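Sequence lines set the chain letters: A, B, ... in the order given, protein chains first and strands last, and positions in each chain run from 1. Model, not experiment: these values are computed from the prediction.
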There are 2 protein chains.
Amino acid sequence: MSLRYALLALLSVEPMTGYDLQKEFQSSVGHVWHAPDSQIYPELRRMEKDGLLEGEDVIWGQKGTKRLYHVTPGGKKALRTWANTTMEYTRTRDPAHLKAAYLELAEPAAARDQMREHVRHHTEQLEQWQDKLRELQSGTSAMLNRRLAATPEADRRRTTEFKIFAYEGLIARAQTEIEWAQRGMSLIDALDKPS
Amino acid sequence: MSLRYALLALLSVEPMTGYDLQKEFQSSVGHVWHAPDSQIYPELRRMEKDGLLEGEDVIWGQKGTKRLYHVTPGGKKALRTWANTTMEYTRTRDPAHLKAAYLELAEPAAARDQMREHVRHHTEQLEQWQDKLRELQSGTSAMLNRRLAATPEADRRRTTEFKIFAYEGLIARAQTEIEWAQRGMSLIDALDKPS
DNA sequence: TTACACATGTAAGGCGTTACATGATTCT
DNA sequence: AGAATCATGTAACGCCTTACATGTGTAA
């Protein structure tokens, strides 16, 4: 259900096509929520059917058309309701920690690879998020600037601060994961050669 | 696909029924991976069809029977392969951080509620995991003890240490989430009354 | 004219959730 | 006799992934 609200949030800044949205899901929002095009296009249709969006066919070149979606009042309301509602947390389901709990079944070399991969993955994420955070802080985030331009002055500070806050959380989590996996590598070494 | 390996890992200690497994998924493994009975029973059937398990009908009471599953050599091999294989990481999909990024759309009171709920949820998890960790460390974990009894002496230390390691990771993550949400509450307060 | 970006989907299948269903056994 | 526990599923639906599929526009 979150996909729907991520789309609404993006479209509440300005009308976009499915393609535009898909690109945002590869960069900006994509850092928090990923979705492929094959999920986005049908969801936009459903949202239109549910009255949250209105699609408008726009001429594109000579023969082409593209469908620009904009948020309806119903969509704005749904977005506000979502923002004001506490979500329920789903039960834990964590492949990385499940595997870690059974690392004794792996060869030490394979165990090390897994921890190295965990570090690599989260380092990559961390760097993306840190870049994004710097953009937000320096006012060079294109998406945020467009959003701020459409936001009443009194809410601009909040808007920026909460985006920064979200990324700080992701960064803190990535750092925690990296430290954990590094401890894991030490542990594997210690158990492998207990000398 | 992880459900399959979680089931294999549990069954590699001793044969169990679907019901037994389901209970483990509510307590021990359930702290890392959750699954409802409606998912477990069909998965056991599929695993049997795939040659990873063998089910045996056991008489139970006068009229009843129950199905005890035990791991086949093929199942053991599949478990070892899984343990030795680096998993691919799926793209981020994080409802809590997505909502945090748009917290300016919520009333301050609702935003506070959400952060409070985030703290509550992760505190609850944290406590569960800390309990479990203490059990592991004090040697009072029934599941671990059964596993150790079926483990060659040379691997017992590793087995225990990796379980501890997995829970330490979950604990560290929960703590990070709690600190983040607490910073969130301060931020909401600061933005609400900028004095 | 060729490559890259723009544009929009369908189809099959897997995993997971929630709700619905049923019956035997054992303990008090 | 009743309650709690043991035991095993089915059905419908939603979300997500992967692979397949097609066509236009624009700039080098």
Side-chain angles (χ1 to χ4, degrees), chain A residues 1-8 11 15-27 29-30 32-50 53 55-69 82 87-95 98, chain B residues 1-8 11 15-27 29-30 32-50 53 55-69 82 87-95 98:
Chain A
M1 247 329 55
S2 287
L3 171 59
R4 172 162 292 208
Y5 298 104
L7 290 167
L8 274 176
L11 289 170
M16 287 190 229
T17 67
Y19 186 80
D20 295 332
L21 286 160
Q22 185 232 114
K23 276 180 44 183
E24 292 297 325
F25 272 86
Q26 279 166 16
S27 54
V29 219
V32 187
W33 195 270
H34 166 262
D37 51 352
S38 66
Q39 211 190 339
I40 292 172
Y41 288 109
E43 183 63 22
L44 288 170
R45 298 251 156 201
R46 272 193 295 274
M47 288 166 75
E48 187 172 9
K49 208 185 63 199
D50 294 346
L53 299 181
E56 176 194 0
D57 286 316
V58 170
I59 355 169
W60 171 59
Q62 266 98 53
K63 286 181 259 178
T65 61
K66 59 182 184 179
R67 198 157 179 80
L68 260 188
Y69 288 97
W82 170 76
M87 37 160 248
E88 347 79 48
Y89 288 77
T90 55
R91 240 79 58 90
T92 317
R93 197 166 282 128
D94 185 334
L98 175 62
Chain B
M1 249 325 62
S2 288
L3 171 59
R4 170 161 294 208
Y5 298 104
L7 290 167
L8 274 176
L11 289 171
M16 288 191 229
T17 66
Y19 186 81
D20 294 333
L21 285 160
Q22 185 232 116
K23 275 180 46 185
E24 292 297 325
F25 273 86
Q26 278 165 17
S27 55
V29 220
V32 187
W33 195 269
H34 167 261
D37 52 351
S38 67
Q39 211 189 339
I40 291 172
Y41 288 109
E43 183 63 21
L44 288 170
R45 299 250 155 202
R46 272 193 296 272
M47 288 166 75
E48 188 173 9
K49 210 185 62 201
D50 295 347
L53 300 181
E56 178 193 359
D57 286 316
V58 169
I59 357 171
W60 170 59
Q62 267 96 52
K63 286 179 259 178
T65 61
K66 59 182 182 179
R67 198 158 179 79
L68 258 190
Y69 288 96
W82 170 75
M87 38 160 250
E88 347 81 45
Y89 288 78
T90 55
R91 241 76 63 87
T92 318
R93 197 165 281 128
D94 185 334
L98 175 63

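- Contact between the side-chain N/O atoms of A:R93 and the OP1/OP2 oxygens of C:dT17 is found at a separation under 4.0 Å.
- Checking C:dG9, D:dC15, D:dG9 against every side-chain atom of A:Q39, the shortest atom distance belongs to D:dC15.
- Between A:Y19 and C:dC6 there is a side-chain polar atom (N or O) within less than 4.0 angstrom of OP1 or OP2.
- Contact record, A:I40 with A:G18: CG2-O, 4.2 Å, taken as the closest heavy-atom pair.
- Minimum heavy-atom separation, A:F25 to A:H34: CD2-C, 4.2 Å.
- Here D:dC16 is the nucleotide among C:dT8, D:dC6, D:dC16 with the atom lying nearest to any side-chain atom of A:L3.
- Taking atom CG of residue B:D37 and atom P of nucleotide C:dC15, one finds them 18 Å apart after rounding to whole Å.
- Contact annotation: A:R45 side-chain N/O to C:dG9 OP1/OP2 distance is under 4.0 Å.
- Each of A:G61 and B:T90 has a nearest nucleotide on DNA chain D; the 5'-most of these lies closest to B:T90.
- Distance from the side chain of A:Y41 is smallest for C:dT8 among the nucleotides C:dT8, D:dG25, D:dG9.
- A:V32 and B:T92 get closest at one heavy-atom pair: O-CG2, 3.6 Å.
- Distance CD (A:E43) to C1' (C:dG9): 15 Å, rounded to an integer number of Å.
- The CZ atom of B:R91 sits 8 Å away from the P atom of D:dT18 (whole-angstrom rounding).
- With rounding to whole Å, A:M47 atom CE is found 15 Å from D:dC15 atom C1'.
- Within the nucleic acid shown, B:D20 comes within 4.0 Å of sugar-phosphate atoms alone, with no base atom in reach, counting heavy atoms only.
- Comparing A:P42 and A:W60, the nucleotide of DNA chain C nearest to each residue sits closer to the 5' end for A:W60.
- Here A:S38 lies in heavy-atom contact (under 4.0 Å) with a base.
- OP1 or OP2 of D:dC6 has at least one side-chain nitrogen or oxygen of B:K23 nearer than 4.0 Å.
- Note: CZ (B:R67) to P (C:dA24) measures 19 Å, nearest angstrom.
- Between the C1' atom of C:dT8 and the CD atom of A:Q22 lies a distance of 10 Å, rounded to the nearest Å.
- Nucleotide C:dC15 holds its C1' atom 14 Å from the CG atom of B:L7, rounded to whole Å.
- Scanning both residues, B:D37 and B:P42, for their nearest heavy atoms gives O-CD, 4.1 Å.
- Residue order along DNA chain D, read from the 5' end via each residue's closest nucleotide, puts B:G18 first among B:G18 and A:A35.
- Within 6.0 Å of CZ on B:R46 lie more than 12 heavy atoms contributed by other residues, nucleotides or ligands.
- The distance from atom CE of B:M16 to atom P of D:dC6 is 14 Å, rounded to the nearest whole Å.
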